[in-house]
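What follows is one structure encoded as structure tokens, with my remarks underneath.
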Amino acid sequence: MNKSEERSKPQQKRSQKRYEEVLTTAEYILTSDSSSSLTIQDIAKVSGMKRPSIYKFFPSNESILEALSEKHCNLLINLIKRNLDSLNHYNIFEYFKIIVDVVSIFINQNKEISRVLFTKTAEDKLVFMIGNLLVKLISGSKVSNQKIKVTTRVLISSLYDGYLEENSISPSCNKETKRICLSYLANK
């Protein structure tokens, strides 16, 4: 997205409410309609909002998908944090097992919105956010930051491939993703 297409984040409560209403409507359309497109015209029709009101915050369809991607990435990161907080000891292998499980469950429970999470932008955002979270959690460990980030990229890519094949994350995909990630981490 170029600078002229950046979405503006609302400051006033009324504007924030409209911004959220656009995202809620877009999510509703994506989860209830089998078509693969999402247009500002569709959002205006379903929400009853005028298109200029939508364009005020979202200059393009892509900017809406990016905002949805950001919203769901943040939800997923918060779930991961809560699950990692439950561990009472540091173990990078356990962290990755938990992350694979949390991401798998999240995707399977939110299948309709998964295509938003598996865009290139969202994948990069997830890898960055999960990688940074792990780097902070295990600072001072013997595992390099680079190795953590590569393993995170492998984790997301592996689950994405499994999702594309089966339209869900199967137990076998989950297990194979853990195996791949843990093997890479264990390799000196």
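Below, each value reflects all heavy atoms present in this structure, side chains not excepted, and no hydrogens, waters or symmetry copies.
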For the residue pair [X] and [Y], confirm or rule out a side-chain donor-acceptor distance under 3.5 Å.
X: Ser47; Y: Thr25; answer: no
X: Asp161; Y: Ser158; answer: no
X: Ser104; Y: Asn174; answer: yes
X: Tyr163; Y: Asn167; answer: yes

Minimum-distance pair of heavy atoms, taken over all atoms of [X] and [Y]:
X: Leu23; Y: Leu68; result: O-CD2, 3.7 Å
X: Leu79; Y: Asn83; result: O-ND2, 2.8 Å
X: Cys181; Y: Val154; result: SG-CG1, 4.5 Å
X: Ala186; Y: Phe93; result: N-CE2, 3.9 Å
X: Ile80; Y: Val102; result: CG1-CG1, 3.7 Å

Supply the atom-to-atom distance [X] [atom1] to [Y] [atom2], rounded to the nearest 0.5 angstrom.
X: Ser172; Y: Arg179; atom1: OG; atom2: CZ; answer: 12.0 Å
X: Lys149; Y: Ser144; atom1: NZ; atom2: OG; answer: 10.0 Å
X: Ile99; Y: Tyr95; atom1: CD1; atom2: OH; answer: 9.5 Å
X: Leu38; Y: Glu27; atom1: CG; atom2: CD; answer: 11.0 Å
X: Glu62; Y: Ser69; atom1: CD; atom2: OG; answer: 13.0 Å

Quick one: do [X] and [Y] end up in the same hydrophobic cluster if we chain Ile, Leu, Val, Met, Phe, Trp and Tyr together by side-chain heavy atoms under 4.5 Å apart?
X: Leu159; Y: Leu185; value: yes
X: Leu126; Y: Ile105; value: no
X: Val150; Y: Leu182; value: no
X: Leu134; Y: Ile180; value: no
X: Met129; Y: Val100; value: yes

Indicate yes or no for a side-chain donor-acceptor contact from [X] to the backbone of [Y] under 3.5 Å, with no hydrogens or angles considered.
X: Asn110; Y: Phe106; result: yes
X: Asn61; Y: Ile40; result: yes
X: Asn108; Y: Ser168; result: no
X: Asn74; Y: Glu70; result: yes

Check: Can Leu155 and Val127 be said to form a side chain to side chain contact (heavy atoms under 4.5 Å, CB included), step by step?
Finding: CA-CA 9 Å; Leu155 182 156; Val127 168; over 6 Å; no
Next item on the list: Could you give me the CA-CA distance, side-chain angles and deciding distance for Glu94 and Leu84, then say whether side chain to side chain contact (heavy atoms under 4.5 Å, CB included) is met?
Entry: CA-CA 9 Å; Glu94 292 302 314; Leu84 293 181; over 6 Å; no
Margin query: For Tyr19 and Phe57, take the angle between the two ring planes, folded into 0 to 90°, and tell me which bin it lands in: parallel under 30, tilted 30 to 60, perpendicular over 60.
Written below: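 Ring orientation of Tyr19 relative to Phe57: perpendicular.
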Checklist line | side chain to side chain contact (heavy atoms under 4.5 Å, CB included) between His72 and Leu76, worked out | finding: CA-CA 6 Å; His72 286 279; Leu76 181 53; over 6 Å; no
Next item on the list: Start with the C-alpha gap between Asp124 and Arg153, add the side-chain angles, then the distance that decides, and say whether salt bridge (Lys or Arg N to Asp or Glu O under 4.0 Å) holds.
Entry: CA-CA 8 Å; Asp124 290 345; Arg153 169 84 52 206; 3.1 Å; yes
Notebook entry, point to check: Do Glu21 and Arg18 pass the salt bridge (Lys or Arg N to Asp or Glu O under 4.0 Å) test, and can you show the C-alpha distance, the side-chain angles, and the key distance before you say yes or no?
Noted result: CA-CA 5 Å; Glu21 186 179 339; Arg18 281 190 287 164; over 6 Å; no
Item checked: Crowding at CD, Gln41 (>12 non-hydrogen neighbours, <6.0 Å) ->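 Result for CD/Gln41: open.
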Next item on the list: Please indicate whether Phe128 has more than 12 foreign heavy atoms, meaning atoms of other residues, nucleotides or ligands, lying under 6.0 Å from its CZ.
Entry: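 No, not enclosed.
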Check: Does a side-chain heavy-atom distance below 4.5 Å link Ile43 with Met49?
Finding: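 Answer no - side chains too far apart.
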Check: Going by heavy atoms in the side chains, are Ile156 and Ile130 under 4.5 Å from each other?
Finding: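 Yes, side chains in contact.
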Next item on the list: Starting from the C-alpha separation in whole Å, work towards a yes-or-no answer on side chain to side chain contact (heavy atoms under 4.5 Å, CB included) for Phe96 and Ile92.
Entry: CA-CA 6 Å; Phe96 270 97; Ile92 190 67; 3.8 Å; yes
Notebook entry, point to check: Should Lys17 and Glu20 count as an ion pair when the cut-off is N to O under 4.0 Å?
Noted result: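 Between Glu20 and Lys17 there is no salt bridge, as every charged N stays at least 4.0 Å from the carboxylate O atoms.
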